[in-house]
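Comments concern the structure below.
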Number of protein chains: 2
Amino acid sequence: MSQEHDTETAFMEATYRALCTHGYADLTMQDIADETDKSKAALHYHFDGKDDLFREFLAYLHEGFAEKIVDHPDGSPVAKLVALVRRVLDPVDDGADQQFNTAFMEIKAQAPYRDGYREVLRRFDADLRSEVADLVTEAIDAGQYGEETDPEEVAEHVLTYIHGTWTRAAAVGADVVTMREHLIDDLLDLLVEGEPVPAVAATAGPRTLDDEDDEDGAACGADADDGVRRE
Amino acid sequence: MSQEHDTETAFMEATYRALCTHGYADLTMQDIADETDKSKAALHYHFDGKDDLFREFLAYLHEGFAEKIVDHPDGSPVAKLVALVRRVLDPVDDGADQQFNTAFMEIKAQAPYRDGYREVLRRFDADLRSEVADLVTEAIDAGQYGEETDPEEVAEHVLTYIHGTWTRAAAVGADVVTMREHLIDDLLDLLVEGEPVPAVAATAGPRTLDDEDDEDGAACGADADDGVRRE
């Protein structure tokens with residue numbers, strides 16, 4: 001990797017940490033520079049202001065997200081689907097995740113007003129939708145879901161519900177794990193009668209902090225390694 | 001109504017309009033005063049800064065919302081439930097509603113950081129949840145839904161899905177009516193086999209702007225009369 005690339009990655013990770021601390025609205029270029037050993041001038045050399053930096057940051061997050069959602073464990077299509085939902089709605093650390101989730105909501109709220117934001121957010125949406133739809137199609141082919149199941153409809157449902165989970169977590173502090181398990185129940189309800197409930201879904205149950213094997217994850221203030229990994 | 005009360009109501013309506021124009025993050029007390037024939041000094045006399053004004057504004061919105069969600073048309077419990085979802089997810093005017101929806105998302109994103117915001121947002125959540133749960137209970141009692149239906153679970157589902165609809169509309173411009181009709185399909189899928197689909201659900205279909213009989217509704221820039229009515 002070039003030094004140029006390393007510097008930009010360092011700025012992306014700094015942006016992640018700065019967002020956790022300051023939120024989006026009040027965030028300054030100085031706050032981001034302060035999270036690195038580089039100057040604000042260096043930050044301005046790389047990015048043409050906050051909007052430009054955030055377009056890059058969203059693209060950076062998107063790249064990590066796109067990798068994350070296609071990284072399935074072994075198992076049946078429905079097991080993969082359940083694992084995908086768990087991965088996307090996985091509160092590694094409640095307080096810190098909440099902070100980033102909240103900052104990300106501010107960014108979503110800015111999407112109609114900032115050039116390029118909505119385009120990247122649409123890619124998040126489209127990737128997740130097509131991944132879910134593909135797994136539902138696989139589940140139909142494997143006989144786990146009935147032929148009448150509409151993959152696009154299930155994918156739309158999952159997407160809207162996931163956005164709702166994030167929003168309710170930020171707005172009213174609703175419990176992510178409870179909402180997530182309801183969504184998983186919806187997906188298991190689609191199983192053809194007599195089909196076994198996938199082991200991953202039957203045994204995993206709601207996870208707690210202690211279950212986490214990826215402690216160096218997406219915790220705000222630590223690094224941006226989980227879900228936003230770039231290389 | 002006292003003059004005092006009239007003035008506060010005028011400021012609430014001005015806040016609604018100002019939010020539509022400026023969004024939440026950049027909104028100043030001056031912007032709100034500019035939407036009235038009163039001075040910024042008068043605004044400061046009534047409210048102790050932006051946070052205080054917004055707590056009042058959320059309470060004002062909540063009051064209108066609480067009235068709106070209990071105002072059911074005649075019909076079976078499931079017809080009322082479907083009508084409730086339509087009312088809550090009713091895009092009176094796409095562009096304007098989107099602007100207010102987006103500003104409201106900014107407010108939700110601020111909830112963890114501002115005293116009192118989350119408490120009011122929780123009342124929105126709690127009212128809608130209990131109204132949905134009550135209607136589901138009525139539907140069970142009326143034999144429209146099976147005894148095994150869990151009112152609290154349905155209510156949680158509806159709430160999360162509604163929040164997701166608002167968020168996806170703001171973040172990626174997803175179509176509210178399409179998402180809403182999916183939610184209504186979910187509610188109709190719960191009908192006991194052989195139960196007639198309520199007329200309101202079967203005939204209304206996706207509504208367009210031309211269908212609206214409430215043209216003086218929640219349009220941003222017009223007034224705050226629909227869904228935020230106070231008296």
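Below, read A as the first sequence line, B as the second, and so on, with proteins coming before strands; counting in each chain starts at 1. All values below come from the heavy atoms of this structure, side chains included, with hydrogens, waters and symmetry mates left out.
- Ring centroid separation for the pair B:Tyr24 and B:Phe54 comes in under the 6.0 Å cut-off.
- Heavy atoms closer than 4.5 Å to chain A are found in the side chain of B:Asp186, but not in its backbone.
- No other option in A:Leu159, A:Thr165, A:Thr178, A:Leu183 has as many heavy-atom pairs under 4.5 Å with chain B as A:Leu159.
- Of the two parts of B:Ile107, neither the backbone nor the side chain holds a non-hydrogen atom closer than 4.5 Å to a non-hydrogen atom of chain A.
- Aromatic ring centroids of B:Phe65 and B:Phe124 lie under 6.0 Å apart.
- Between chain B and the options A:Gly173, A:Gly23, A:Ala103, heavy-atom pairs under 4.5 Å are most frequent for A:Gly173.
- For B:His157, the parts sitting under 4.5 Å from any heavy atom of chain A are the backbone and the side chain alike.
- The backbone N or O of B:Leu27 sits less than 3.5 Å from a side-chain atom of B:Lys50, completing a donor-acceptor pair.
- With chain B as the partner, the residue from A:Arg118, A:Arg122, A:His163 showing the most heavy-atom pairs under 4.5 Å is A:Arg118.
- B:Tyr161 contributes no side-chain N or O that, together with a main-chain N or O of B:Glu156, makes up a donor-acceptor pair within less than 3.5 Å.
- A salt bridge is absent between A:Glu131 and A:Lys68; no separation between the charged side-chain nitrogens and carboxylate oxygens falls under 4.0 Å.
- Looking at B:Ala169, the atoms closer than 4.5 Å to chain A (heavy atoms on both sides) all sit in the backbone: N, CA, C or O.
- Salt-bridge formation is detected for the pair B:Asp52/B:Arg55: a Lys NZ or Arg NE/NH1/NH2 atom is positioned less than 4.0 Å from an Asp or Glu carboxylate oxygen.
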